[in-house]
Amino acid sequence: MKLEVVSEEARKLYDYEWLLQRLYAKVPPKSGSAEYKIPEPKVLRIGNQTIIQNFREIAQKLKRDPQLVARYLQKELAAAGSYDPGSGQLILNVKVSRRVLNQFLQLFLKNYVRCPTCGSIDTRLEKRGRTWVLVCEACGAEQPVKPF
């Protein structure tokens with residue numbers, strides 16, 4: 001009968017809890033997978049026009065070009081409008097409530113910002129020919145998205 005001397009390090013390799021803790025220490029946490037808050041739109045209604053005063057801030061939080069987000073909202077609301085780069089405001093030629101704007105911005109976040117594979121918001125939109133593709137910087141997934 002041979003008596004084997006096992007070192008402490010070798011013994012740790014068989015300890016599941018220790019290995020699990022070591023793994024969690026080495027894996028970085030997911031970025032942006034938690035609840036992502038979009039700023040509340042500051043809405044001003046004048047006649048039949050709706051002005052979103054903090055539109056540039058909203059687009060920056062979504063990490064998208066304001067012209068792109070404006071085009072999406074105009075298409076979804078079936079309304080004409082214009083984005084003023086100087087003031088950062090979006091002027092829509094339709095009466096819209098803050099609640100409806102919030103719903104469309106949440107849909108934009110879900111469809112054009114958040115990665116459907118890993119849930120990260122570290123994504124970018126690329127136009128390839130006539131197709132828009134959502135490319136995730138975190139996991140590398142590519143997903144074609146509906147054009148707007």
Side-chain angles (χ1 to χ4, degrees), residues 8-9 11-148:
E8 184 64 30
E9 286 298 316
R11 216 176 277 137
K12 283 183 179 179
L13 291 177
Y14 293 102
D15 183 10
Y16 177 77
E17 293 297 323
W18 182 83
L19 288 171
L20 194 61
Q21 292 301 322
R22 184 173 152 212
L23 174 72
Y24 282 138
K26 289 185 178 195
V27 175
K30 281 186 181 179
S31 65
S33 62
E35 187 63 32
Y36 195 66
K37 278 295 213 185
I38 301 173
E40 188 78 20
K42 293 178 184 168
V43 176
L44 178 65
R45 278 189 225 104
I46 301 173
N48 281 340
Q49 287 187 332
T50 303
I51 301 170
I52 305 172
Q53 295 176 321
N54 62 338
F55 186 71
R56 182 181 7 212
E57 178 188 337
I58 292 169
Q60 286 173 344
K61 188 74 172 170
L62 290 170
K63 299 179 182 180
R64 296 292 179 259
D65 180 37
Q67 296 285 353
L68 199 68
V69 181
R71 191 167 67 189
Y72 168 80
L73 284 175
Q74 290 170 3
K75 180 182 178 244
E76 291 297 320
L77 294 169
S82 63
Y83 171 67
D84 179 23
S87 66
Q89 295 180 345
L90 176 66
I91 302 167
L92 297 167
N93 296 331
V94 67
K95 276 187 171 179
V96 174
S97 71
R98 179 181 294 127
R99 195 181 107 239
V100 171
L101 285 171
N102 259 336
Q103 288 174 340
F104 280 122
L105 289 171
Q106 290 297 328
L107 274 173
F108 183 84
L109 174 70
K110 178 183 173 206
N111 295 328
Y112 298 101
V113 178
R114 191 174 296 280
C115 174
T117 304
C118 70
S120 173
I121 54 152
D122 297 328
T123 60
R124 69 178 188 280
L125 277 175
E126 289 182 3
K127 188 164 185 173
R128 298 180 184 165
R130 297 177 62 181
T131 309
W132 286 94
V133 178
L134 183 70
V135 180
C136 182
E137 301 287 333
C139 70
E142 294 184 359
Q143 178 79 26
V145 292
K146 186 175 142 189
F148 52 90

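Between Asn54 and Glu40, the shortest heavy-atom distance links the atoms ND2-O, 3.0 Å. What you find for Lys95 and Thr50 is that their closest heavy atoms are CA-OG1, 3.5 Å. Between Ile58 and Pro41, the closest heavy-atom pair is CD1-CA, 3.9 Å. Pairing each heavy atom of Ala70 with each of Tyr83, the nearest pair is CB-CB, 4.3 Å.
Note that the CZ atom of Arg71 and the CG atom of Leu68 stand 5.5 Å from one another [nearest 0.5 Å]. Here Tyr112 contributes atom OH and Leu62 contributes atom CG; the two are 13.0 Å apart, rounded to the nearest 0.5 Å. Taken to the nearest 0.5 Å, the CD atom of Gln21 stands 10.0 Å off from the CG atom of Asp15.
Residues Arg114 and Thr123 are not in side-chain contact: their nearest non-hydrogen atoms beyond the backbone lie 4.5 Å or more apart. The shortest distance between side-chain heavy atoms of Gln89 and Ser82 does not fall below 4.5 Å. Side-chain contact between Leu109 and Leu105: absent, with no pair of heavy atoms (C-beta onward) separated by less than 4.5 Å. Inter-residue side-chain proximity for Ile121 and Lys63 is flagged as met; some heavy-atom pair is nearer than 4.5 Å. Looking only at side-chain heavy atoms (C-beta outward), Leu92 and Leu101 come within less than 4.5 Å of each other. No side-chain heavy atom of Phe108 sits less than 4.5 Å from a side-chain heavy atom of Leu73.
Remark: Gln49 pairs with Asn93 by the side chain to side chain donor-acceptor pair (under 3.5 Å) rule, at least two apart or across chains.
The only option from Arg56, Gln67, Gln74 that meets the side-chain contact (heavy atoms from CB on, under 4.5 Å) definition with Leu90 turns out to be Gln74.
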Open item on the list: Go through it in stages, so that I can follow the logic: the residues are Ile51 and Val43, the test is side chain to side chain contact (heavy atoms under 4.5 Å, CB included), and I'd like the CA-CA distance, side-chain angles, deciding distance and then a yes or no.
Closed with: CA-CA 6 Å; Ile51 301 170; Val43 176; over 6 Å; no

TODO: Decide side chain to side chain contact (heavy atoms under 4.5 Å, CB included) for Arg64 and Tyr72; before the verdict, give the C-alpha distance in whole Å, the side-chain angles of both, and the deciding distance to 0.1 Å.
DONE: CA-CA 11 Å; Arg64 296 292 179 259; Tyr72 168 80; over 6 Å; no

- [ ] Start with the C-alpha gap between Val100 and Leu77, add the side-chain angles, then the distance that decides, and say whether side chain to side chain contact (heavy atoms under 4.5 Å, CB included) holds.
- [x] CA-CA 9 Å; Val100 171; Leu77 294 169; 4.2 Å; yes

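The backbone N or O of Lys42 lies less than 3.5 Å from no partner atom in the side chain of Arg98, so there is not a single donor-acceptor pair.
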Quiz: residues 131-148 side-chain donor-acceptor pairs under 3.5 angstrom, not counting sequence neighbours:
{"unit_1": "Glu137", "atom_1": "OE2", "unit_2": "Arg124", "atom_2": "NH1", "d": "2.2"}
{"unit_1": "Glu142", "atom_1": "OE1", "unit_2": "Arg128", "atom_2": "NH1", "d": "2.9"}
{"unit_1": "Glu142", "atom_1": "OE2", "unit_2": "Arg128", "atom_2": "NH2", "d": "3.3"}

